[in-house]
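Okay, structure first, notes after.
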Protein chains: 2
Amino acid sequence: MSTPQAELPQRLREACAACSLKELCLPRGLDGPDLMRLDTLVERRGPLHEGDHLFRVGDSFQALYAVRAGSCKTYTVDSEGREHVLGFHLPGELLGLDAIYPGRHLCNAQALDTAVVCVLPYEQVSDLAGQIGGLRAQLMRLMSKDIADTAALAGDFTAEERLAAFLNGLSERFRQRGYSPVEFQLAMSRRDIANYLRLATETVSRVFARFENDGLIAVNRRSVRLLDLPRLRRLCAAMTGMQG
Amino acid sequence: MSTPQAELPQRLREACAACSLKELCLPRGLDGPDLMRLDTLVERRGPLHEGDHLFRVGDSFQALYAVRAGSCKTYTVDSEGREHVLGFHLPGELLGLDAIYPGRHLCNAQALDTAVVCVLPYEQVSDLAGQIGGLRAQLMRLMSKDIADTAALAGDFTAEERLAAFLNGLSERFRQRGYSPVEFQLAMSRRDIANYLRLATETVSRVFARFENDGLIAVNRRSVRLLDLPRLRRLCAAMTGMQG
DNA sequence: CCGCCGAGTTGATATAGATCAGGAGCGATA
DNA sequence: TATCGCTCCTGATCTATATCAACTCGGCGG
């Protein structure tokens, strides 16, 4: 049933980038013709440059996006002017799921660095999902995972638990993509991390410093090395336990 | 295209209860035969009594549940023993969406009072969603809404904003179900509310008291009357703005 | 190469909300 | 009706994290 990535049609292979979109297509018995049909839907967009917006609050919802290269953040600015970062999106991850219900985007999506995305026109993907059970199942799974992840983030945890979970989550995602799970560059500023974790930037700085003092990590500006993954995992076990 | 509720087959009509499951079936061009097919999938379960569990963490995921009568909470207990309430579910609302991805339940679901639920076997519902575009679209919409709601809850807001949004959300949900949007009984304890909003129970008590002093609400134990809905809405505008 | 500017860090202080402690109301049980 | 056992409320403190303030560092333009 499973199809090695090399057999994916071209645009789709690009969209997949060793990621959740690969999951979207591969492990559920999509065969050549099915993949070809999905592939023909995919358009490429970009490159976006740092700070460019992929979509903004209020934009009509037409398509889901899969990050192909670079990274994005999604965020809102509330009526008091506070910025809330909803998520960071690495290659292969899907953007825009929250816009399906209202039919317009509820958040802004902005490139954190030079980024390329694949456009998945929603109506057509949905139609195809009607015909291909594996695609439908995988779409539901991705949305389901999004719900669980967001719920974990919504929980009541300390600054240390939250930052540990953040680093652990990034590590896991890099690992899945074939990059080092213990040494990587952060694409986002301290301010973005803080807004994501509901902390002040100063608190993020301080917890980074504390982790470094404790020998958990080595951090310099945006480059991070995880020195004690097991201990980091234990620190955030309570939080990751909610994500499955 | 739209079908008035009276035309729904019996079990489905029960499952709907003037709610999101009604949305699931009605407004998207499901006709009589389609509805009949969905109806035959629905089984009823209950009554559950206060404190009974509908499912528990780790249970194999077989079905989604729609509350038909009464109400439920979903919650987790983390490795430190802290309880996190993920949501409260009124008649018509769907439970268990977060379990699709991992194939097992990530949270516990417990009746807050005497409750009846409808069981929607997931595989069969998914198959049917493949055949009926309107059902598929509506399932996606419900999951999408769940993502947006959870993201709003995950945001960084004050105790007052959070409690105001909680009351406002309940009001809205009661209104949609044909009940009074300004006078209702809370099915959940202060402790549950606090765990849901990431506050201490004492803080919930105090904010209730403050709201009452300010003439916003009248509250006595679990009965609540909203006296100034516009002002309440303004208090939580920042938060509800994230939900669409 | 210098000087600027924004990002990040670090220290001092403030505060929202937690925790601790006690008491009041209310329903269930006998 | 008395007593237990909750849930809820209220006051007194405590604390994790925010806020305010100053400084450092590294990159970039001129």
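For clarity, every value in this text was computed on a predicted model and none was experimentally measured. In what follows, chains carry the letters A, B, and so on, assigned in the order in which the sequence lines appear, proteins first and then strands, with residues in each chain numbered from 1.
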Rounded to the Å, how far apart are [X] [atom1] and [N] [atom2]?
X	N	atom1	atom2	result
B/N195	C/dG17	CG	P	16 Å
B/D192	D/dT7	CG	P	10 Å
A/R190	D/dT24	CZ	C1'	14 Å
A/E212	C/dG8	CD	C1'	13 Å
A/F208	C/dG8	CZ	P	10 Å
B/I193	C/dG17	CD1	P	16 Å
A/Q185	D/dG26	CD	C1'	14 Å

* To the side chain of A/S205, which of C/dG8, D/dC9, C/dG11 is closest? ->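 So the nucleotide nearest the side chain must be C/dG8.
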Short N/O separations, protein against nucleotides 15-18 of chain D, under 3.5 angstrom:
unit_1 : atom_1 : unit_2 : atom_2 : d
D/dT17 : OP1    : A/A159 : N      : 3.0
D/dA18 : OP1    : A/R198 : O      : 3.3
D/dA18 : OP1    : A/A200 : N      : 3.1
D/dA18 : OP2    : A/A200 : N      : 3.0
D/dA18 : OP2    : A/T203 : OG1    : 2.3

* Asked: Ring centroid separation for A/F61 and A/Y122, is it under 6.0 angstrom?
  ->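 Yes; A/Y122 has its ring centre under 6.0 Å from that of A/F61.
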* Asked: Which word best sums up how the rings of B/Y65 and B/H105 line up, parallel for under 30°, tilted for 30 to 60°, or perpendicular for over 60°?
  -> tilted
* **A/T74 side chain to A/H89 side chain, donor-acceptor N/O pair below 3.5 angstrom** =>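 Note: A/T74 and A/H89 side chains meet the donor-acceptor criterion.
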* Asked: Are B/E161 and B/T158 linked by a side-chain donor-acceptor pair shorter than 3.5 Å?
  ->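 Yes, side-chain donor-acceptor contact under 3.5 Å.
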* Test for a donor-acceptor pair under 3.5 Å between the base of D/dC9 and the side chain of B/E202, counting only N and O atoms. => no
* Provide the closest heavy-atom pair for B/R233 versus B/N168 in the form atom of the first, atom of the second, distance. =>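 Heavy atoms of B/R233 and B/N168 come nearest at NE-OD1, 3.1 Å.
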* Sugar-phosphate only, base, or nothing, as touched by B/R162 at under 4.0 Å among non-hydrogen atoms ->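 Result for B/R162 = nothing.
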* To do: Taking atom CZ of B/F174 as the centre, report whether more than 12 heavy atoms of other residues, nucleotides or ligands fall under 6.0 Å from it.
  =>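 Check passes, neighbour count above 12.
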